[in-house]
There are 2 protein chains.
Amino acid sequence: MPQTRSDDLAPLSVSGTPEEKFREFLEIRGEKLTEPRRVLVRHIFSSHKHFDADELVRDLHEAGHAISRATVYRTLRLLVEAGLLRELRLTNRSAYEHDYGYPAHDHMHCTVCNRVIEFRNEDIRQTRDAISRAHGFRPSGHRFVIEGVCSECSRAHTPRRRLDLI
Amino acid sequence: MPQTRSDDLAPLSVSGTPEEKFREFLEIRGEKLTEPRRVLVRHIFSSHKHFDADELVRDLHEAGHAISRATVYRTLRLLVEAGLLRELRLTNRSAYEHDYGYPAHDHMHCTVCNRVIEFRNEDIRQTRDAISRAHGFRPSGHRFVIEGVCSECSRAHTPRRRLDLI
DNA sequence: CTATGTGCAAAAACTTTGCACGTAC
DNA sequence: GTACGTGCAAAGTTTTTGCACATAG
């Protein structure tokens, strides 16, 4: 029973850790891998897959890392640029998920309990590329979100409350 | 040459105006169709298709309608609930587009000039429904956005600047 | 008449920025 | 040593809310 991912989505083994990939990215741009950045990457890639800036700050502080909100926002942007994170924008608050060493996938978003369910489907990318080609558009990615009501909420009289977790 | 819509996307003739549909919606909920709401619906459905809250307020004020920002936000939410508008969320600021009397379609988003290009594709809905069925998910809609670089920006040395229009 | 909506201004929610100090390379 | 990053607090953006007054039904 899929919760936030289906069970066949085993991580790919990719060369290098997220931290290494981030260092490479920064090196190319002449920027630095600092302690706060290292802590952030490690934390993000050693834990849950969906989060927002606020949760991340709270988690870090609870774990004893006094990393400022500003640095979190700045680093999240870098990680998206580096291709390590994906920005979701399901609501007006940005949510992030791993985008490295993890197969491409899309999402169903339950508008009752706010849960995010992942799925993989091969057709979507092909459709995307065909459409792009027809319009002379150079695709760099896509977002496919099915909005609706998840099976639990369709059934349940007491659905999980909204915003439990994204 | 598609700009914000392809030329085969002629509006359906639908029974009733957006204003009428909104009134029905409000009636069912025991709410009122007031003058500001009427002005808003008329304005929105007699003009451009993509806009955000801020543009809308400016437009209205320029047209001499002194409708408050709060009312605009409140009414936009109602119109989305009523199925008359669709919320896009391409950036952290919500954008809206007509979703009534206009065939379903999806979007390409140029990350260079921020332009939105519409397209229609039959496969997407079928894929969406098949995936939903397989997960016991009841779809109410979807968002499919292809991110990338539009043909003009791929070609041009001086692309349209970002935020020209959404 | 009365439940609902509006405008205003204030607050909340989210994100970015400026600057003095600190640190990776 | 120097260019780049950090934390802090302040400001910027976008959206929501509380409340006194207005109005649709």
Side-chain angles (χ1 to χ4, degrees), chain A residues 19-20 22-43 50-61 64-82 85 87-96 114 162-163 166, chain B residues 19-20 22-43 50-61 64-82 85 87-96 114 162-163 166:
Chain A
E19 183 179 336
E20 281 166 17
F22 193 33
R23 185 161 32 70
E24 284 168 28
F25 169 82
L26 292 170
E27 235 158 48
I28 290 167
R29 320 214 314 185
E31 301 181 8
K32 294 168 185 171
L33 180 55
T34 60
E35 187 58 17
R37 288 177 176 179
R38 205 188 328 265
V39 169
L40 270 166
V41 180
R42 283 184 184 168
H43 178 88
H50 293 99
F51 60 93
D52 61 39
D54 211 52
E55 284 179 84
L56 186 50
V57 172
R58 255 185 295 121
D59 276 19
L60 287 164
H61 285 194
H65 302 294
I67 295 176
S68 73
R69 197 167 286 276
T71 296
V72 167
Y73 274 106
R74 287 187 278 233
T75 306
L76 283 174
R77 229 196 304 172
L78 286 173
L79 289 169
V80 169
E81 285 189 67
L85 289 182
E87 199 172 355
L88 289 184
R89 293 189 204 284
L90 298 173
T91 70
N92 261 31
R93 150 189 253 160
S94 284
Y96 298 87
N114 207 31
R162 284 206 108 220
L163 298 170
I166 170 151
Chain B
E19 183 178 338
E20 281 165 18
F22 194 34
R23 185 162 34 69
E24 284 169 29
F25 169 82
L26 292 170
E27 234 158 49
I28 291 168
R29 320 212 316 182
E31 301 181 9
K32 295 168 183 171
L33 180 54
T34 61
E35 186 58 17
R37 287 177 177 180
R38 204 186 331 263
V39 169
L40 269 165
V41 179
R42 284 185 184 165
H43 177 88
H50 293 99
F51 60 92
D52 60 40
D54 210 52
E55 284 179 83
L56 186 52
V57 172
R58 255 184 292 122
D59 276 18
L60 288 164
H61 285 195
H65 302 292
I67 296 176
S68 72
R69 195 167 287 277
T71 296
V72 167
Y73 275 104
R74 287 185 278 232
T75 306
L76 284 174
R77 232 197 300 173
L78 287 173
L79 289 169
V80 170
E81 285 189 68
L85 290 182
E87 197 172 358
L88 288 183
R89 293 188 203 285
L90 297 172
T91 69
N92 262 31
R93 149 189 255 162
S94 283
Y96 298 86
N114 207 32
R162 284 206 108 221
L163 298 171
I166 170 152

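Chain A is the first sequence line, chain B the second, and so forth, proteins listed ahead of strands; every chain is numbered from 1.
Atoms CZ (B:Arg74) and P (C:dA9) sit 14 Å apart, rounded to a whole Å. B:Arg38 places its CZ atom 12 Å from the C1' atom of D:dT23, with the value rounded to the nearest Å. Taking atom CD of residue A:Glu31 and atom P of nucleotide D:dT6, one finds them 10 Å apart after rounding to whole Å. Rounded to whole Å, atom P of D:dG5 lies 8 Å from atom CG of A:Leu78. For the pair A:Ile28 CD1 and C:dC25 C1', the interatomic distance rounds to 17 Å; values are reported in whole Å. Atom pair B:Ile67:CD1 and D:dA22:C1' shows a separation of 15 Å (rounding to whole Å applied). C:dC14 atom P lies 10 Å from atom CZ of A:Arg58, rounded to whole Å. As a whole-Å value, the separation of B:Leu33 CG from C:dT4 C1' is 13 Å.
For B:Thr34, no side-chain nitrogen or oxygen approaches OP1 or OP2 of C:dT4 to under 4.0 Å. In this model, the phosphate group of D:dT16 is not approached by any side-chain N or O of B:Tyr73 to a distance below 4.0 Å at OP1 or OP2.
Heavy-atom nearest nucleotides on DNA chain D were determined for B:Glu35 and for B:Arg77, and the one closer to the 5' end corresponds to B:Arg77. Of the two residues contacting DNA chain C, namely A:Glu87 and A:Lys32, the nearest-nucleotide position lying further toward the 5' end is that of A:Glu87.
Backbone-only engagement by B:Arg37 is indicated by non-hydrogen atom pairs under 4.0 Å involving sugar-phosphate atoms exclusively. Residue contacts shown for A:Asp54 are absent, as no nucleic acid heavy atom lies under 4.0 Å away.
A 4.5 Å side-chain heavy-atom check between A:Arg37 and A:Glu35 finds every atom pair outside the cut-off. B:Leu40 is not listed as a side-chain neighbour of B:His43, based on a closest heavy-atom distance of 4.5 Å or more.
Between A:Arg29 and A:Glu81 a salt bridge is recorded (basic side-chain N to carboxylate O distance below 4.0 Å).
Relative to the side chain of B:Ala70, the nucleotides C:dT6, C:dA9, D:dG7 differ in distance, and C:dA9 lies closest. Set against C:dG7, C:dT17, D:dT6, the side chain of A:Thr71 has D:dT6 as its closest nucleotide. Nearest nucleotide to the side chain of A:Asn92, out of C:dC14, D:dT14, D:dG7: D:dT14.
The residue from B:Leu79, B:Leu78, B:Leu85 that alone fulfils the side-chain contact (heavy atoms from CB on, under 4.5 Å) condition with B:Val41 is B:Leu79.
Looking at residues two or more places apart in sequence or on another chain, you find a side chain to side chain donor-acceptor pair (under 3.5 Å) between B:Asp54 and B:Arg69.
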